[in-house]
Amino acid sequence: MDSLDRFFYTELGKKLRELRNNRGYTLEYVANKCQHKLTKQTLSKYEKGTRKFDYQALKDVCEVLEVDHNDILNSIHFKLWKEYINLNN
């Protein structure tokens, strides 16, 4: 993963972990509720940003967390853009 990918997936993972924790859900609960049938180990790697999400897995996790995946992606893209601007000023 290049540095932009790493930043994106780390931020995405942090946001999803925050949402999961705020709802009181365990990794195992979310993984088992996903139609994509993730393992809790895979979900943990997603949350740590050490594994790239596949689109369907992201949609499934967001559905379990009751958030719109587009809203999450837009917020991360905005954060990434702000970081890029700060680095180039």
Side-chain angles (χ1 to χ4, degrees):
M1 261 191 266
D2 68 25
S3 60
L4 285 177
D5 277 351
R6 193 170 18 262
F7 178 83
F8 176 81
Y9 286 104
T10 299
E11 291 301 315
L12 178 59
K14 282 184 202 175
K15 183 64 177 174
L16 294 174
R17 183 174 50 247
E18 175 187 324
L19 291 167
R20 180 180 59 77
N21 287 332
N22 287 345
R23 285 162 175 72
Y25 296 163
T26 64
L27 285 168
E28 188 170 22
Y29 175 83
V30 174
N32 288 336
K33 288 289 185 180
C34 288
Q35 292 178 359
H36 195 70
K37 291 300 177 204
L38 302 172
T39 65
K40 67 180 183 178
Q41 292 83 2
T42 299
L43 186 54
S44 176
K45 288 177 184 178
Y46 286 151
E47 286 188 356
K48 291 175 185 172
T50 58
R51 181 175 175 153
K52 292 182 178 185
F53 263 95
D54 93 7
Y55 185 68
Q56 188 58 51
L58 175 61
K59 283 179 62 176
D60 287 350
V61 169
C62 286
E63 187 174 309
V64 173
L65 297 176
E66 300 174 0
V67 295
D68 186 303
H69 67 282
N70 289 312
D71 291 343
I72 299 293
L73 290 173
N74 287 336
S75 71
I76 302 303
H77 281 120
F78 181 73
K79 197 170 191 176
L80 181 64
W81 182 246
K82 280 178 41 180
E83 185 68 21
Y84 175 79
I85 289 171
N86 288 337
L87 290 173
N88 289 304
N89 282 331

Can you tell me how far the CG atom of Asn32 sits from the OG1 atom of Thr26, to the nearest 0.5 Å?
-> 8.0 Å
Non-hydrogen side-chain atoms of Phe8 and His77 separated by less than 4.5 Å | yes
Residues that Lys45 engages under salt bridge (charged side-chain N to carboxylate O under 4.0 Å, His left out), provided they are two or more places apart | none
List the steps, then state whether side-chain contact (heavy atoms from CB on, under 4.5 Å) holds for Glu47 with Leu27.
-> CA-CA 10 Å; Glu47 286 188 356; Leu27 285 168; 3.6 Å; yes
Do the side chains of Leu43 and Val30 get nearer than 4.5 Å, heavy atoms only?
-> yes
Between Tyr46 and Arg51, what is the shortest heavy-atom contact and its length?
-> CD2-O, 3.5 Å
CG/Asp5 to CG/Leu12 distance, rounded to the nearest 0.5 angstrom?
-> 11.5 Å
Pairs of donor and acceptor atoms involving the side chains of residues 61-73, under 3.5 Å and at least two apart or interchain, shall be tabulated with distances.
{"from": "Asp68", "atom 1": "OD1", "to": "Asn70", "atom 2": "N", "distance (Å)": "2.6"}
{"from": "Asp68", "atom 1": "OD1", "to": "Asp71", "atom 2": "N", "distance (Å)": "3.4"}
{"from": "His69", "atom 1": "NE2", "to": "Tyr55", "atom 2": "OH", "distance (Å)": "2.8"}

side-chain contact (heavy atoms from CB on, under 4.5 Å) filter on Lys48, not counting sequence neighbours, yields Ser44, Thr50
Sorted by chain and number, sequence neighbours left out, salt bridge (charged side-chain N to carboxylate O under 4.0 Å, His left out) with Arg17 holds for none
Side chain to side chain donor-acceptor pair (under 3.5 Å) partners for Lys14, two or more places apart | Glu11
Not counting sequence neighbours, which residues clear side chain to side chain donor-acceptor pair (under 3.5 Å) with Glu28? List them please.
-> none
How many angstroms lie between atom CZ of Phe53 and atom CG of Leu16, to the nearest 0.5 angstrom?
-> 5.0 Å
d(Gln35 CD, Lys59 NZ) to nearest 0.5 Å is 9.5 Å
